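One structure is given here, and the rest of the page talks about it.
Because the structure is a prediction, the values reported are computed rather than measured.
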There are 2 protein chains.
Amino acid sequence: MPNSEKTEIIRNKGLEARPLDTFDRTILGELAVDAGLSYAELGSRVGLSAPAVHERVKRLRATGRICGTVAVLDGPATGKPFLAFVHVDTTGGSKSRTFRALSELPELEEIHSVAGDTCTLLKVRCASSRALEGLLARLYAMPGIKATRSYVVLSTYLERTPQAGITEALEEPPMDEAPR
Amino acid sequence: MPNSEKTEIIRNKGLEARPLDTFDRTILGELAVDAGLSYAELGSRVGLSAPAVHERVKRLRATGRICGTVAVLDGPATGKPFLAFVHVDTTGGSKSRTFRALSELPELEEIHSVAGDTCTLLKVRCASSRALEGLLARLYAMPGIKATRSYVVLSTYLERTPQAGITEALEEPPMDEAPR
DNA sequence: GTTGAAAAGTTCAACAC
DNA sequence: GTGTTGAACTTTTCAAC
């Protein structure tokens, strides 16, 4: 896998957004499971030489298909054995401020705006149920938080790479205030 | 950034489970954000030499704190712009079979057993709402699936590394059959 | 996209704290 | 025992084909 990869890390968003062939897809699949592969190994799995896959990977990075590479930590082994999903009902107000404030909390792993019988969905990983209690207290201290429902994870059977479809943090998201 | 890291990849689970000092915690924090750092760079951020951090990282891997390194893909850019969370209500039956079958579906990113007004929580990433429809159809074809409630993600404001607290796939999980 | 060679990074060994 | 320095080895990465 790529060392510091100082070459062309610029996010050339539109640049060459061509449709992804089978090679690209295989490369993405392999790297999503293990980004620690050498280009030689990756090449042999894909059926290409090392410089060729390297070129591909460089393009996939440059065009934003690959957002980055991260280490996957083991929650329990790193002192965060407690996982929960929290549904949050918010009233009218400005969400973006709230979301930005929420992002600062290290316990929060995901924040989504959803359609359904709740407004916002949170993924929380922390040390204990007490820590969740503290987080909920901080939530209720924020303006516009109406109610929460927590789903405490009993066991995790699958947890794969998040494919980070991160919405570029807008200053004020559309539909902040509901029409009456 | 470690290359193939052929050295001691054996999961020495209990071996030297000492409490993680500040160096370790900083290393984990940095690698959770960017696993593509060189050991030299990581070392300078942490205040250690390259061989020293390498030794630490090797230990963190060996003791299971670091499960692996993965590439983070951009959902929309890789043809999967549609994200949803699905609550699944199951009846008595054997869950482990169902979970194993579910794990095979590539659209599924997470499967958790939770406490609350539902049994199972799914994270699904796919190409479109039609694809979700197809997935739900396959769900309902499985035995023991009583009902589902889907929460379609409108926008994602935060999505960090999953710290994979993966439960070792048990042959038959505890409490498969509820006492009456 | 491939081959062969320069540059960079990882990793080992011997030493110092 | 854990960290540092300097050197061997592997991998990335460039250039020419």
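With the end axes of the helix from C:dG1-D:dC17 to C:dC17-D:dG1 each set by five pairs, the angle from one to the other reads 30° at 10° resolution.
The distance from atom OH of A:Tyr39 to atom C1' of C:dT10 is 15 Å, rounded to the nearest whole Å. With rounding to whole Å, B:His54 atom NE2 is found 16 Å from D:dT4 atom C1'. Distance B:Leu20 CG to D:dT2 C1': 16 Å, rounded to the nearest Å. Rounded to whole Å, atom C1' of D:dT2 lies 14 Å from atom CG of B:Leu60. Protein atom CG of B:Leu42 is 15 Å distant from nucleotide atom C1' of D:dG3, rounded to whole Å.
Side-chain contacts under 4.5 Å among hydrophobic residues (ILVMFWY), followed directly or transitively, place A:Val72 together with A:Val70, B:Val70, B:Val72.
Atom CG of A:Leu31 and atom CZ of A:Arg65 lie 14.0 Å apart (nearest 0.5 Å).
Between B:His87 and A:Tyr151, the angle of the ring planes goes over 60°, which puts this pair in the perpendicular group of the 30/60° scheme.
Shown here are the ring pair (Phe, Tyr, Trp, His ring centres under 6.0 Å) partners of B:Phe82, two or more places apart in sequence or in another chain: there are none. Residues that satisfy the side chain to side chain donor-acceptor pair (under 3.5 Å) test with A:Thr148, not counting sequence neighbours, are A:Tyr140.
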Dump every N/O contact between nucleotides 1-5 of chain C and the protein below 3.5 Å, one line per pair.
residue, atom, partner, partner atom, Å
C:dG1, OP1, A:Arg56, NE, 3.4
C:dG1, OP1, A:Arg56, NH2, 2.5
C:dT2, OP2, A:Ser49, N, 2.9
C:dT2, OP2, A:Ser49, OG, 2.8

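Distance alone, capped at 3.5 Å, places no donor-acceptor pair between the A:Arg125 side chain and the A:Glu107 backbone.
Residue B:Lys58 places none of its side-chain N or O atoms closer than 4.0 Å to OP1 or OP2 of D:dT2.
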Could you walk me through whether A:Ile111 and A:Ser103 pass side chain to side chain contact (heavy atoms under 4.5 Å, CB included), step by step? CA-CA 8 Å; A:Ile111 304 175; A:Ser103 303; 3.8 Å; yes
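Listed by first and then second residue, the side-chain hydrogen bond (donor to acceptor under 3.5 Å, both in side chains) pairs that reach into residues 128-137 of chain A come to none, sequence neighbours excluded.
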